[in-house]
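These notes are about the structure you will find just below.
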There are 2 protein chains.
Amino acid sequence: MEASEQSTSDLAKQAIQVCLCFHSRKGARAITQVFDRALAPSGLKATQLSLLMVVGARQPIKIGALADDLVTDSTTVSRAIKPLLARNLLDIEQLSGDRRIKSLRLSSEGRRMLDLAIPLWQTAQTQVVRQLGNTMVQALLPGLEAASRLGPANPD
Amino acid sequence: MEASEQSTSDLAKQAIQVCLCFHSRKGARAITQVFDRALAPSGLKATQLSLLMVVGARQPIKIGALADDLVTDSTTVSRAIKPLLARNLLDIEQLSGDRRIKSLRLSSEGRRMLDLAIPLWQTAQTQVVRQLGNTMVQALLPGLEAASRLGPANPD
DNA sequence: CCATATAACATGTATATACATATTATTATG
DNA sequence: CATAATAATATGTATATACATGTTATATGG
């Protein structure tokens with residue numbers, strides 16, 4: 001019983017149902033929307049708060065190390081920090097002897113902003129955890145952690 | 001034993017470790033990077049292939065329905081289809097009597113592109129599934145599905 | 001039927017993201 | 001030590017994403 005000769009639409013249906021790229025992005029969009037709305041009073045986007053939190057947790061941190069932590073391109077970090085620098089939430093400085101390297105820290109305004117935003121973050125986090133249930137969250141976080149460690153290819 | 005009076009950095013460390021927004025986005029970035037690289041020969045981004053697959057699975061589909069399926073803003077869909085329309089991978093048409101509504105379909109070139117891209121997609125999908133392991137994938141997909149159904153707030 | 005509210009889609013603006021490439025500084029090599 | 005290779009960051013360009021707002025068409029109330 002040959003199952004081949006499938007229509008393009010059937011192939012698409014089967015692929016989209018299991019596509020980890022589609023579903024991870026769709027889930028991330030839905031979650032981000034909840035956080036963005038909760039954070040609106042702070043004037044921060046969810047992505048910006050994440051960046052501030054990582055800097056706060058790891059400061060002083062080099063641009064490149066931040067890119068690694070975020071699993072993002074360093075050119076993305078270069079630009080992502082701009083609105084935060086413009087609002088004086090981050091300090092950028094040459095700490096090392098290597099003059100190519102720039103390090104980031106929370107400014108005092110950045111710390112104040114984090115203190116203000118974290119309660120809003122907690123509201124969103126609690127809301128999502130409650131809606132998903134602890135069991136699902138306990139399954140989701142390790143899966144996402146594992147995904148974020150995906151290598152460039154199959155290291156056979 | 002008062003645990004309060006925590007430094008901003010400590011708060012940030014604790015929050016970022018469990019933040020569902022941060023981790024969902026970071027995981028989605030990592031996964032998207034794998035798919036984008038596998039799809040490079042097709043000239044499609046992973047997001048564009050997802051859109052083509054959803055249209056292929058549900059055609060003809062209205063812009064608004066597509067936005068709902070993608071858990072994205074309809075203004076995002078308005079723009080996301082532009083590069084695909086420019087490459088003639090999608091047809092857009094007024095099907096219904098309501099002249100506001102536009103419906104999308106795969107064009108014949110869109111079908112050819114899907115047939116060409118799905119094997120590349122399968123390579124990426126298989127790579128990610130193999131690296132994560134079936135158990136993790138079976139945990140991840142339902143979690144992401146649940147996340148994508150997050151409501152606007154707590155519907156108590 | 002007309003005025004108004006609402007719905008569907010598009011556009012303005014801002015940020016997020018990545019690849020190709022440029023710039024500058026450091027390291028390695030002959 | 002001078003030059004070539006490499007590393008860290010920035011910029012050009014394109015797409016992804018969302019909110020505020022605009023446009024046009026349909027629906028609704030009087």
Side-chain angles (χ1 to χ4, degrees), chain A residues 21-22 24-37 39-41 43-52 61-68 70-87 89 92-104 152, chain B residues 21-22 24-37 39-41 43-52 61-68 70-87 89 92-104 152:
Chain A
C21 186
F22 174 67
S24 66
R25 292 186 68 90
K26 183 165 64 127
R29 278 194 297 273
I31 291 171
T32 302
Q33 285 159 18
V34 173
F35 280 77
D36 272 343
R37 280 156 198 169
L39 290 172
L44 290 178
K45 310 284 290 316
T47 45
Q48 298 176 331
L49 176 59
S50 289
L51 201 153
L52 287 183
I61 184 170
K62 303 171 191 171
I63 304 264
L66 188 49
D68 290 345
L70 300 179
V71 190
T72 206
D73 198 274
S74 66
T75 68
T76 296
V77 174
S78 265
R79 289 184 157 115
I81 60 178
K82 287 189 179 174
L84 302 172
L85 290 170
R87 291 174 65 182
L89 301 175
I92 190 163
E93 39 190 359
Q94 309 270 329
L95 285 186
S96 112
D98 188 333
R99 275 176 301 173
R100 291 171 301 181
I101 296 177
K102 300 185 186 174
S103 287
L104 297 169
Chain B
C21 185
F22 174 67
S24 66
R25 293 185 68 90
K26 183 164 63 126
R29 278 194 297 272
I31 292 172
T32 302
Q33 286 160 17
V34 173
F35 279 78
D36 272 344
R37 281 156 198 169
L39 290 172
L44 289 179
K45 310 285 288 318
T47 44
Q48 298 176 331
L49 175 59
S50 289
L51 201 153
L52 287 184
I61 184 171
K62 303 170 190 172
I63 305 265
L66 188 49
D68 290 345
L70 300 180
V71 188
T72 207
D73 199 273
S74 67
T75 68
T76 296
V77 174
S78 265
R79 288 182 158 116
I81 59 178
K82 288 190 179 173
L84 302 172
L85 290 170
R87 292 173 64 182
L89 301 175
I92 190 164
E93 40 190 359
Q94 309 270 330
L95 286 186
S96 114
D98 188 331
R99 276 176 301 172
R100 291 170 302 182
I101 297 177
K102 299 185 186 172
S103 287
L104 298 169

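Since the structure is predicted, the reported quantities are computational estimates derived from the model, not experimental observations. Chain letters run A, B, ... following the sequence lines, proteins first, then strands; residues in each count from 1.
- Taking 3.5 Å as the limit, the base of C/dC19 and the side chain of A/Thr75 contain a donor-acceptor pair of atoms between them.
- One atom, CG of A/Leu39, and another, P of D/dC19, lie 12 Å apart when rounded to the nearest Å.
- Looking only at side-chain heavy atoms (C-beta outward), B/Leu95 and B/Ile101 stay at 4.5 Å or farther from each other.
- Between the side chain of A/Asp36 and the backbone N or O of A/Ala46, at least one donor-acceptor pair lies under 3.5 Å.
- B/Leu104 CG to B/Lys62 NZ: the interatomic distance, rounded to the nearest 0.5 Å, is 12.0 Å.
- The interatomic distance linking A/Phe22 (CZ) with D/dA16 (P) rounds to 14 Å, in whole Å.
- Proximity of A/Thr72 to the phosphate of C/dA18: a side-chain N or O atom is located under 4.0 Å from OP1 or OP2.
- Nucleotide C/dT17 holds its C1' atom 9 Å from the CD atom of B/Gln33, rounded to whole Å.
- Remark: the A/Asp73 side chain and the A/Thr75 side chain contain an N/O donor-acceptor pair separated by less than 3.5 Å.
- In this entry the distance linking CZ of B/Arg99 with P of D/dT23 reads 18 Å, nearest Å.
- Using a 4.5 Å heavy-atom cutoff, the side chains of B/Gln94 and B/Lys102 are in contact.
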Give me the distances for all protein-to-nucleotides 1-8 of chain C N/O pairs that come in under 3.5 Å?
unit_1 : atom_1 : unit_2   : atom_2 : d
C/dA7  : N3     : B/Arg100 : NH1    : 2.8

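- Rounded to whole Å, atom P of C/dA16 lies 10 Å from atom CG of A/Leu44.
- A heavy-atom distance below 4.0 Å to DNA chain C is reached by these residues of residues 76-84 of chain B, ordered by number: B/Ser78, B/Arg79, B/Lys82.
- Contact annotation: the side chain of A/Gln48 never approaches that of A/Leu89 to less than 4.5 Å [non-hydrogen atoms, C-beta and beyond].
- Of the candidate nucleotides D/dT26, C/dT15, D/dC19, D/dC19 has the atom lying nearest to any side-chain atom of B/Asp73.
- Between B/Arg25 atom CZ and C/dA18 atom C1' the separation is 14 Å, expressed in whole Å.
- Here the P atom of nucleotide D/dT9 and the CD1 atom of A/Ile92 are 9 Å apart, to the nearest Å.
- Nearer the 5' end of DNA chain C, as judged by each residue's closest nucleotide, is the contact made by A/Lys45, out of B/Asp36 and A/Lys45.
- A/Arg37 has its CZ atom 8 Å from the P atom of D/dA18, to the nearest Å.
- For the pair B/Ile81/B/Ile63, a side-chain contact is recorded, criterion being any heavy-atom separation below 4.5 Å from C-beta on.
- Within the 4.5 Å cutoff, the side chain of A/Thr76 has no heavy atoms near those of the A/Leu70 side chain.
- The shortest distance between side-chain heavy atoms of B/Arg87 and B/Leu44 falls below 4.5 Å.
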